[in-house]
Amino acid sequence: MPELAEVERMRREWDPGLGGRVREVFLHAEKRIFRGIEPGDLAAALTGRSLRSSEAHGKQMMFRFSGPRSSSSCYLGVHLGMTGALRVEAKNYAPERHDHLVLRQSTRSLVLSDPRLFGRVTFGDGTPPEFWRLRPPAVTDPEFTMPRVEEFLGRHRGAPIKALLLDQSMFPGIGNWMADEILWRAEIHPRRAGGELEEAEVRRVWKETRFVAREALRRIAERGVDPPKSWLFPHRWEDGGRCPRTGAGLVRETIGGRTTCWSPGRQPELGPTSVRRRVLAPPRR
DNA sequence: GGAGATGTTTCAAG
DNA sequence: GCTTGAAACATCTC
């Protein structure tokens, strides 16, 4: 499910619980989503505290709980992995197999489920976990600048641009479909190497990253609708899917370890300079 | 039955 | 030490 806009939407699922005290915590302590933390400590810290606020950043969410025993807050971090979901159920809801964390309030239960268990729960008492304090600028933030992207692509000059867009330390919240959408809009082949892109191309990647993130937030998080037919998104998994701009058949192949979809012709395998060189000095044979 | 799925982490090789 | 790519993680669906 979750890339930045879906995560932002999911974060709001627990909004009905804002201000409500957690009376009881139920969890599947042995499950993989609790790796690296003590589930018992988490349950003890949350019990009696109230949900105060929440925030999403990239694919991460942070829920803050406080009082009444102490003035200090405690923090519940949630990463949804591939199949995680948040929802609200009745106060006496009986957790099912994949419901690994349930916070019971007086009139409802806040539920985290994750069948595939690629998600992760983190926890901080007093201060948020370190990864949250060290989080990189959001792609919608003014600090997400063109020079930062240029420097990053230069540092990973050998890796395909598709793989680089999935790197959460530079592009927090960008996932598989958004990366393909960005490259399709920027007219760049997903296998082009980071260091091979010309300045104008890097600029397009930077610009379209911000555009796709902002539009996805507006449509998916705010209004709950999928991207329109004019985007690559609704065509990328279709059998015989066609490029909404050129009408050409879309191509799918694994790049950077993930199934990647692009529009041949619109996203040429050779960059502008290579093409120009070829025209000026065609290889002899 | 098999392949593959909006994701990260880990490990080994270059 | 850094970069890169492949495998592993666990379950469900087409």
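Throughout, a chain's letter reflects where its sequence line sits, starting with A, and its residues are numbered from 1.
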Distance in angstrom units between [X] [atom1] and [N] [atom2], rounded:
X       : N      : atom1 : atom2 : result
D114(A) : dA5(B) : CG    : P     : 18 Å
I174(A) : dG7(B) : CD1   : P     : 10 Å
L117(A) : dA5(B) : CG    : C1'   : 15 Å
R236(A) : dG4(B) : CZ    : C1'   : 13 Å
R155(A) : dC2(C) : CZ    : C1'   : 10 Å
H100(A) : dC9(C) : NE2   : P     : 17 Å

Between [options], which one does the side chain of [X] approach most closely?
X       : options                 : result
R258(A) : dC9(C), dT8(B), dC12(C) : dT8(B)
K59(A)  : dC9(C), dT8(B), dT11(C) : dT8(B)
E3(A)   : dC12(C), dG5(C), dG7(B) : dG7(B)
H79(A)  : dT8(B), dA10(C), dA5(B) : dT8(B)

Whether [X] contacts [N] is assessed here as follows: a side-chain N or O lying under 4.0 Å from the phosphate OP1 or OP2. Is that the case?
X       : N       : value
H98(A)  : dC12(C) : yes
Q168(A) : dT8(B)  : yes
T83(A)  : dC12(C) : no

- Item | W14(A) ring center within less than 6.0 Å of F63(A) ring center |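 That pair passes the under 6.0 Å test.
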- Item | Heavy-atom donor-acceptor pair, E3(A) side chain to W177(A) backbone, under 3.5 Å | yes
How would you label the contact of [X] with the nucleic acid (heavy atoms, under 4.0 Å): base, sugar-phosphate, or nothing?
X       : answer
R97(A)  : sugar-phosphate
R120(A) : sugar-phosphate
G257(A) : nothing
P227(A) : nothing

- Message: Is it the case that dA5(B) (base atoms only) and R116(A) (side chain only) share a donor and an acceptor within less than 3.5 Å, ignoring hydrogens and angles?
- Response: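 Present.
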- Task: Verify side chain to side chain contact (heavy atoms under 4.5 Å, CB included) between R192(A) and E201(A), making sure each step is shown before the conclusion.
- Result: CA-CA 11 Å; R192(A) 301 271 310 281; E201(A) 296 178 313; 2.9 Å; yes
- Can F118(A) be called stacked on dC9(C) when the rule is centres closer than 5.5 Å and an angle between planes below 30°?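 Whether judged by distance or by angle, F118(A) passes, so it stacks on the base of dC9(C).
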